Amino acid sequence: MAGSHDVLAVLKDRFADAIARAFPQLAGQAVDPAIAPGKNPKFGDYQCNAAMAVAKLVGGNPREVAKAILAAVDVSDLAEPLTDASIAGPGFINVTIRTDALAGLLTAMDTPTLGLEPATGAARQTIVVDLCGVNLAKQLHVGHLRSTVIGDTLARVLARLGHNVIRQNHVGDWGLPIAMVASRLMDQAAAGQIDLARITLADLDSAYKEAKKAGTSESAALAACRKYAMGSKLEAEILAQVEDAKAIENRGKEVLVKLQAKDPAVYKVWQLISDVTMQQCLATCRDLNAIVLPEHTAGESAYAEALGPLVDDLLSRGVAEISQGAAIVRVDDLEPGPPPAPPVLIRKSDGGYLYATTDMAAIRHRCQTLKADRVVYVVGAPQMLHFKQVFAAARKAGYAERAGKPVSLEHAAFGAILGEDGKPFKTRSGQSAKLQDLVELAQERAQAVLAERAELSEYDRTTIASAVSIAALRYTDMSSERLRDYVFSPERMVAFEGNTGPYLLYALVRIKSIFRKAAERFGPAESAAAAAAPLTLGQSAEKNLAMALLRYSSVTQDVGRTLEPHRLCAFIYELAGAYASFFDACPVLTAPDEATRRSRLRLCSLTERVLVDALTLLGIPVIDRM
RNA sequence: GUCCUGAUAGCUCAAUUGGAUAGAGCGUCGGCCUCCGAAGCCGAAGGUUGCAGGUUCGACUCCUGCUCAGGACGCCA
């Protein structure tokens, strides 16, 4: 619920009320009061843009409608008096908030929750956030940065809004690829080529690539060879390799069957692969300050037992049907509108299950067992069609319901990270970039910037470098629109200037510094005195800062609704900017009098607390100095 | 072939979901530290929002058709 400090919400209520009274014939129709913060300060702080829409509905002149709204609305407690001069252009109503009212609103916001009250009762939801999504035997690559960081932030935001958040790391730990790796490792161990006890993730990663290569590439080469009618000798050579590949794949399939039957020898190797991968994955998540813990692991293997019964259930209820020997769910009759989604394949003609089957089992588990009201998938954009199909199939199956109400299934899709050449981000050597390398690169840059600070202890330098590099990485990743690809430039991370994560931390440490100095100059009780001081917002920089602070709760709720962290990034950047301008224009410790000093200190304190709260939502560690 | 997503300043990105003169950062140019942290502040230059139509008081935003880029499409995950 909107608190009394939320200007936007208050104005919406007031104007909606005014419109209803001025135009009773519109009763029953929900008319959007269309309140928006003013873009240009000369048009006031807020504007009501409803007159044009209302004029259309009632068939009147927009400016006359605006006058009628003006006559009916009462905002005298908040704003400068509204006159005909407040109506501009085709019918905009400009509202300028009085500075004393602003001070009152800010005072009302100065509570432990900073005006952002956690949801309670029916408004409090259980929300599953699917994030990270690492695959066994594979290094985390840059794509996992996005799933992990965006997922972590969305989970933090939703929890901050009062919801019961359940993180789920849907680990790719099942299926033929893993079995192929296990098969290869067992062969190599048997041949004395490797020591399973000392195996690393890098070893697993290369085993994965080799297994995949040995198992598939030649068949493609053969196809190409035939297509271009190449020499029969070459074809025969490739044919022999294909036979090898088929043999390897068949071995893999045998191992998969054993794995699914929990054959002790195979299962032990699988467990090893899992342990090595997850240890590294969780360590990298820690390095990113992302809350991804062992208890969040809910791998595909966890649903293995459920797949058979699930398909049987769907077939028996007629939700699924057999087509060309495979079990499918048709969803084109459910998704309205032209592009009908193709059917979802849930069981292959050879009896094997697919990842769509696993995802359906996961949806059922999340809705029915975990009691989710909302499930959020933080997974890359290439899987949009997949989720569209699976969500539709789950609804058709009745899995996505809780207590008779539909569970909201949302794919928070994100774009790719590109290199400066516009192609997927790679390392110099052309390998797909490992996330760990990216983290280390950011750490090194931050260390280099801090190297000059002789006054900092080694411990401080390490802590600060970590925070700064996390700020840079996470902010870079989340500050642009989620769905868009973005270009990652290591070059730009050197500077830590401008619209970056470190800039936000810089604003914070300057506030902290002021409070350290305040205690020195005016005694330890100064902060406490300032905390209760009356706020005066005479300077425009003070007013701007206040306006920014008041937006915090509505922005955070927007992020919870839209699942778009860049809105929070933009807000913090604007808040930090408003503070920087205030810092420059309004001396705090050398303010002209004690009342002004304490008012400004209180403003600093509020800014600090909002910054800390918001930075924490972004998963950026807060620091005292840098 | 069908479908999805995108295209905004030299570069990287915004634009409160249809509102007024499209805003930031980087880079460029010019100011500001004997004064609370210059990782900063203030200012300037920089735009036919891919192209062409349409919808209306009003379009970066919605509709149609193109162009370009990336991606996904029943027996991989």
Side-chain angles (χ1 to χ4, degrees), chain A residues 8 34-40 42-43 47 49 52-53 55-56 61-62 88-92 94 135 172 174-178 212 216 300 323-328 338-350 352 354-356 358 380-386 388-389 413 415-416 418 420 422-424 449 468 476 479-481 483-489 491-492 495-500 502-503 505-507 509-518 521 551 554-555 558 562 566-567 569-571 573-574 577 580-581 583-591 600 604 625-626:
Chain A
L8 205 57
I35 306 294
K39 243 182 210 166
N40 190 329
K42 91 178 179 200
F43 295 130
Q47 53 181 268
N49 301 331
M52 285 76 77
K56 189 168 284 183
N61 177 317
F92 300 112
N94 293 323
N135 294 306
W174 210 238
L176 188 56
I178 305 302
K212 194 174 176 185
T216 58
E300 294 173 345
S323 166
Q324 297 167 36
I328 63 166
V344 191
L345 195 57
I346 55 171
R347 193 179 67 198
K348 298 190 283 182
S349 51
D350 69 1
L354 297 110
Y355 76 135
T358 307
Q383 306 220 36
M384 277 196 291
L385 177 60
H386 166 70
K388 184 180 181 181
Q389 291 176 292
L418 306 177
E420 281 166 300
K423 290 187 286 199
V449 172
V468 168
T476 299
S479 55
S480 57
E481 207 183 336
L483 194 55
R484 279 178 52 141
D485 296 349
Y486 76 90
V487 176
F488 179 85
S489 159
E491 193 65 26
R492 233 169 282 134
F496 293 154
E497 284 158 5
N499 190 351
T500 64
Y503 173 86
L505 286 175
Y506 184 67
V509 299
R510 291 208 292 185
I511 300 176
K512 301 255 190 192
S513 180
I514 281 187
F515 279 99
R516 282 195 296 270
K517 290 216 160 64
R521 293 190 202 175
R551 286 171 43 214
S554 70
V555 166
D558 286 347
T562 62
H566 80 280
R567 295 165 184 270
C569 290
F571 165 78
Y573 179 66
E574 280 156 27
S581 298
F583 180 87
D584 203 64
C586 304
V588 178
L589 302 179
T590 55
R600 289 178 179 171
C604 286
R625 61 191 84 224
M626 63 190 281

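Please read these numbers as outputs of a predicted model, since none were measured by experiment. Lettering follows sequence order; numbering is per chain, from 1.
- At the heavy-atom level, A/Met52 lies under 4.0 Å from base atoms of the strands shown.
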Derivation of the side-chain contact (heavy atoms from CB on, under 4.5 Å) call for A/Trp174 and A/Thr358: CA-CA 10 Å; A/Trp174 210 238; A/Thr358 307; over 6 Å; no

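- Applying the 90° criterion around 0 to the glycosidic angle, B/rC29 comes out anti.
- The same atom, P, is picked in B/rG47 and in B/rA24; the two are 15 Å apart, to the nearest Å.
- To the nearest whole angstrom, the two C1' atoms, one in B/rG27 and one in B/rC68, are 27 Å apart.
- Across every strand in view, B/rG6 sits in a pair with B/rC68 that passes the Watson-Crick or G-U test at under 3.5 angstrom.
- Between A/Tyr355 and B/rA77 there is no side-chain polar atom (N or O) within less than 4.0 angstrom of OP1 or OP2.
- Each of B/rA77, B/rC41, B/rA39 was ranked by its minimum atom distance to the side chain of A/Val468; first place goes to B/rA39.
- Glycosidic conformation at B/rU48 (O4'-C1'-N9-C4 for purines, O4'-C1'-N1-C2 for pyrimidines): anti, more than 90° from 0.
- Under the Watson-Crick or G-U wobble criterion, with both distances below 3.5 Å, B/rA59 has no partner in any strand shown.
- Atom CG of A/Leu589 is separated from atom P of B/rG37 by 8 Å (rounded to the nearest Å).
- The side chain of A/Asn49 has B/rG19 as its nearest neighbour among B/rA38, B/rG19, B/rA39.
- Within the nucleic acid shown, A/Arg567 comes within 4.0 Å of at least one base atom, counting heavy atoms only.
- Here A/Val555 lies out of heavy-atom contact (under 4.0 Å) with every strand.
- Looking at heavy-atom distances under 4.0 Å, A/Asn61 makes no contact with the nucleic acid at all.
- A/Gln389 has its CD atom 11 Å from the C1' atom of B/rC3, to the nearest Å.
- Look at A/Lys348 and you'll find a side-chain N or O under 4.0 angstrom from OP1 or OP2 of B/rC76.
- Summarising the geometry, the separation between CG on A/Leu385 and P on B/rC4 is reported as 10 Å, rounded to the nearest angstrom.
- Of all nucleotides listed (B/rC36, B/rU56, B/rA38), B/rU56 comes nearest to the side chain of A/Lys56.
- Using N1 to N3 plus N6-O4 or O6-N4 for Watson-Crick, or N1-O2 and O6-N3 for G-U wobble, each under 3.5 Å, B/rG1 pairs with B/rC73.
- The residue A/Ala518 sits apart from the nucleic acid: no heavy atom pair falls under 4.0 Å.
- Distances from the side chain of A/Glu481 to the nucleotides B/rA15, B/rU5, B/rA38 place B/rA15 closest.
- Using a 4.0 Å heavy-atom distance criterion, A/Pro62 is classed as making no nucleic acid contact.
- Comparing B/rA77, B/rG37, B/rU16 by their nearest atom to the side chain of A/Arg625 picks out B/rG37.
- Residue contacts for A/Ala326: at a heavy-atom cut-off of 4.0 Å it reaches a base atom on one of the strands shown.
- Using a 4.0 Å cut-off, some side-chain N or O of A/His566 falls inside it from OP1 or OP2 of B/rA15.
- The side chain of A/Tyr506 has B/rA39 as its nearest neighbour among B/rA39, B/rG74, B/rC57.
- Here the side chain of A/Ser581 pairs a donor or acceptor atom with the backbone of A/Gly577 at under 3.5 angstrom.
- Taking each heavy atom of A/Asn61 and A/Ala55 in turn, the nearest pair found is C-CB, 4.1 Å.
- Going from atom CG of A/Asp584 over to atom P of B/rA39 covers 13 Å, rounded to whole Å.
- Here, B/rC75 and B/rG65 have their P atoms 30 Å apart, quoted to the whole Å.
- For the pair A/Ser479 and A/Asn499, the minimum side-chain heavy-atom distance is 4.5 Å or more.
- With hydrogens and angles disregarded, no donor-acceptor distance shorter than 3.5 Å links the side chain of A/Arg484 to the backbone of A/Gly415.
- Of the side-chain N and O atoms in A/Arg484, one or more sit less than 4.0 angstrom from OP1 or OP2 of B/rA7.
- As rounded to whole Å, 10 Å separates atom P of B/rG6 from atom CG of A/Asp485.
- Spacing of P atoms, B/rC11 relative to B/rU49, comes out at 16 Å, to the nearest Å.
- A/Phe92 qualifies as a stacking partner of the B/rA20 base, centre to centre under 5.5 Å and near-parallel within 30°.
- The listed nucleotides are B/rA77, B/rG40, B/rG74; the one nearest the side chain of A/Pro177 is B/rA77.
- Contact annotation for A/Val588: base contact, defined as any heavy-atom pair under 4.0 Å involving a base atom.
- Classified by interplanar angle (parallel below 30°, tilted 30° to 60°, perpendicular above 60°), the ring pair A/Tyr573/A/Tyr503 is tilted.
- Put simply, the side chain of A/Gln324 does not reach to within 4.5 Å of the side chain of A/Leu345, judged on heavy atoms.
- Between the NZ atom of A/Lys388 and the P atom of B/rC73 there is a distance of 14 Å, rounded to whole Å.
- Nucleotide B/rU28 is matched to B/rA44 when pairs are restricted to Watson-Crick or G-U wobble geometry with both distances under 3.5 angstrom.
- Of the nucleotides present, B/rG23 is the one that pairs with B/rC13 by Watson-Crick or G-U wobble criteria, both distances under 3.5 Å.
- Mapping A/Ile514 and A/Gly422 onto RNA chain B via the closest heavy atom, the residue that lands nearer the 5' end is A/Ile514.
- Of the two residues near RNA chain B, A/Trp174 and A/Thr500, the one whose nearest nucleotide lies more 5' is A/Thr500.
- Going from atom CG of A/Leu418 over to atom NZ of A/Lys423 covers 11.0 Å, rounded to the nearest 0.5 Å.
- If you measure from atom OH of A/Tyr503 to atom C1' of B/rA24, you get 11 Å, rounded to the nearest angstrom.
- Across the P atoms, B/rU48 and B/rU5 are found 28 Å apart, a figure rounded to whole Å.
- Across the C1' atoms, B/rG19 and B/rU12 are found 27 Å apart, a figure rounded to whole Å.
- B/rA39 and B/rC26: their C1' atoms are spaced 14 Å apart (whole Å).
- For the atom pair NZ (A/Lys512) and CD1 (A/Ile514), the distance works out to 13.0 Å, reported to the nearest 0.5 Å.
- The side chain of A/Ser480 contributes no N or O atom lying less than 4.0 Å from OP1 or OP2 of B/rC13.
- Using a 4.0 Å heavy-atom distance criterion, A/Phe43 is classed as a base contact.
- A sub-4.0 Å separation between OP1 or OP2 of B/rA77 and a side-chain N or O of A/Thr358 is absent.
- Remark: A/Arg510 is not in phosphate contact with B/rA39, judged by side-chain N or O atoms under 4.0 Å from OP1 or OP2.
- Here the side chain of A/Ser323 is nearest to one of B/rU16, B/rC41, B/rG74, namely B/rG74.
- For A/Glu300, taking side-chain heavy atoms from C-beta onward, the closest of the listed nucleotides B/rC36, B/rA77, B/rG40 is B/rA77.
- Spacing between atom CG of A/Leu8 and atom P of B/rU17 amounts to 9 Å, rounded to whole angstrom units.
- For A/Gln47, counting side-chain heavy atoms from C-beta on, the closest listed nucleotide (B/rA20, B/rA39, B/rC41) is B/rA20.
- The CD1 atom of A/Ile346 sits 12.0 Å away from the CD atom of A/Gln389 when rounded to the nearest 0.5 Å.
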